[in-house]
Amino acid sequence: MTSRSCDCDVITGPALIPTLETEAAACTAHRRQDFKGPSEGPSGNLPPALVDTPGQGELMPRTLDDQITMEKTPSYFVTKEAPIRISAMSMDAKLIVVVRDPVTRVISDYTQTLSKKRPDTPTFESLTFKNRTTGLIDISWSAIQIGIYAKHLENWLQYFPMSQILFVSGERLITDPAGELGRVQDFLGLKRIITDKHFYFNKTKGFPCLKKAEGSSKPHCLGKTKGRTHPNIHPEVVQRLRRFYRPFNMKFYQMTGQHFGWDS
Ligand SMILES: Nc1ncnc2c1ncn2[C@@H]1O[C@H](COP(=O)(O)OS(=O)(=O)O)[C@@H](OP(=O)(O)O)[C@H]1O
C-alpha cells in the first residue's frame, strides 16, 4: 500500500458517497470498485485495501493530515480477509457499513440477478431452499450468507473495536437521510453540514435525492439500477426467511447496541 499520513481513512459502501461528497473540503478521494471477492476478482482489479503487491491493483492515494480518504467497496464487509488487510494498512481506519433488512436484501440481490436477463436464472425459491419440503434454507447461496451480519461482524471485531465501526440503517437512509447522515458526520468528527435542507423526496423514485450534487447545480438522485421493483415472493417463503434470520438479527442488535427494527 502507499504510505499515508492521514489518520482518518474511511472504508464504506456506495450509498453514502454522493452525500459525503457535499463536504468537499473533507473528502479528497473515493473510488468505486465492483470487486466481488478474491476468487472472482481478476488480478489487476483488486480494490485498494486488498492489494499487497504493487501492480496488483489500485493503491490508496496519498492524503494530507486534514483530509479524509474514502474507499467504497460493497463486498469488504463480507470478505474474510478484508479486516486483517485493512487493519494492516491502517488500524485507525473508520468503517461505515450500510445494512438493511436481510430478507429485503436477499430479494434485492435476486432482483439484480434477474436484471441480467439470463434465460437460465433459477427461481428465487430454488435458490433459497436446500429442501423445499422441510423448509431448509440453502446457506451456500451467497445472497443468503451476506445477510448473516452478526457472523461477518465477528470477523471484523477481531481486528477493529466497535467504536471504529458505524452501522447505517438502509431503511432510515430512505425515511430520514439527514438523521442518518448526521450520525455519519458525528462519527467522522465532521461538522453537521448536511441537514434536511439538502434533500427532497422523489416520489416517483421512492428515494430521497440531493437537491444539488457536488460540483453541480443539478439535483442528484439514485441511478436507474437502484430502486428496481422487486419480484413478488410468496409470503410463506418470506416468513421462512424471516424465521431464519431472526436469531442472527438479534445477535447483531446485541453486538451493535442498535435495534434495526427488522423483526418487529
Ligand atoms: N442512498 C441510499 N439509500 C437507501 N438505499 C440505497 C441507497 N443507495 C443505494 N441503495 C439501495 O441499495 C441497494 C444496492 O445498491 P447498490 O447497487 O448501490 O449496492 S451495491 O453496490 O450492489 O452493493 C439497492 O436496492 P434495491 O432498491 O433493492 O435495488 C439500492 O436501492
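We count ligands from 1, going down the list as the structure has it; atoms in each ligand are counted the same way.
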**Request:** Considering only Ile, Leu, Val, Met, Phe, Trp and Tyr, and joining two whenever side-chain heavy atoms are under 4.5 Å apart, list the other residues clustered with Trp141.
**Result:** Val103, Val106, Ile107, Tyr110, Leu114, Phe124, Leu127, Phe129, Ile137, Ile139, Ile144, Ile148, Ile233, Val237, Val238, Leu241, Phe244, Tyr245, Phe248
**Prompt:** Heavy-atom distance to atom 22 (O) of ligand 1: which of Gln112, Lys72, Arg105 wins?
**Reply:** Gln112
**Message:** Tell me the nearest of Lys226, Arg172, Glu171, Glu180 to atom 30 (C) of ligand 1, using heavy-atom distances.
**Reply:** Lys226
**Item:** Atom pair CD (Glu71) and CD1 (Ile86), whose distance is rounded to the nearest 0.5 Å
**Value:** 7.5 Å
**Prompt:** Can the ring centres of Tyr149 and Phe167 be said to be less than 6.0 Å apart?
**Reply:** no
**Prompt:** Any non-hydrogen atom of Arg100 lying under 4.0 Å from ligand 1?
**Reply:** yes
**Request:** Keeping to residues at least two apart or across chains, list the disulfide (SG to SG under 2.5 Å) pairs with something in residues 155-192.
**Result:** none
**Request:** Verify whether the ring centers belonging to Phe260 and Phe252 lie closer than 6.0 Å.
**Result:** yes
**Prompt:** For ligand 1, is there an atom lying under 4.0 Å from some heavy atom of His230?
**Reply:** yes
**Message:** So for Leu222, does at least one of its heavy atoms come nearer than 4.0 angstrom to any atom of ligand 1?
**Reply:** yes
**Message:** Using a 4.0 Å cut-off to any heavy atom of Ser108, which atoms of ligand 1 qualify?
**Reply:** 25 (O), 26 (P), 28 (O), 29 (O)
**Request:** Between Leu181, Val98, Ile174, flag the one that comes closest to atom 4 (C) of ligand 1 by a heavy atom.
**Result:** Ile174
**Item:** No-hydrogen, no-angle side-chain donor-acceptor test under 3.5 Å, Thr111 and Ser108
**Value:** no
**Message:** Taking the side chain as everything from C-beta on, heavy atoms only, tell me whether Arg192 gets closer than 4.5 Å to Asp186.
**Reply:** yes
**Audit row: Gln258, Tyr253, side-chain contact (heavy atoms from CB on, under 4.5 Å) steps and yes/no** = CA-CA 5 Å; Gln258 258 179 276; Tyr253 297 167; over 6 Å; no
**Prompt:** At a non-hydrogen distance cut-off of under 4.0 Å, which region of Ile107 contacts ligand 1 (side chain, backbone, both, or neither)?
**Reply:** neither
**Message:** Show me which atoms of ligand 1 lie under 4.0 Å from any heavy atom of Gly170.
**Reply:** 4 (C)
**Request:** Answer yes or no: does an N/O atom from Pro74 fall short of 3.5 Å to an N/O atom of ligand 1?
**Result:** no
**Message:** Is there a polar contact between ligand 1 and Thr225, counting only N or O atoms under 3.5 Å apart?
**Reply:** no
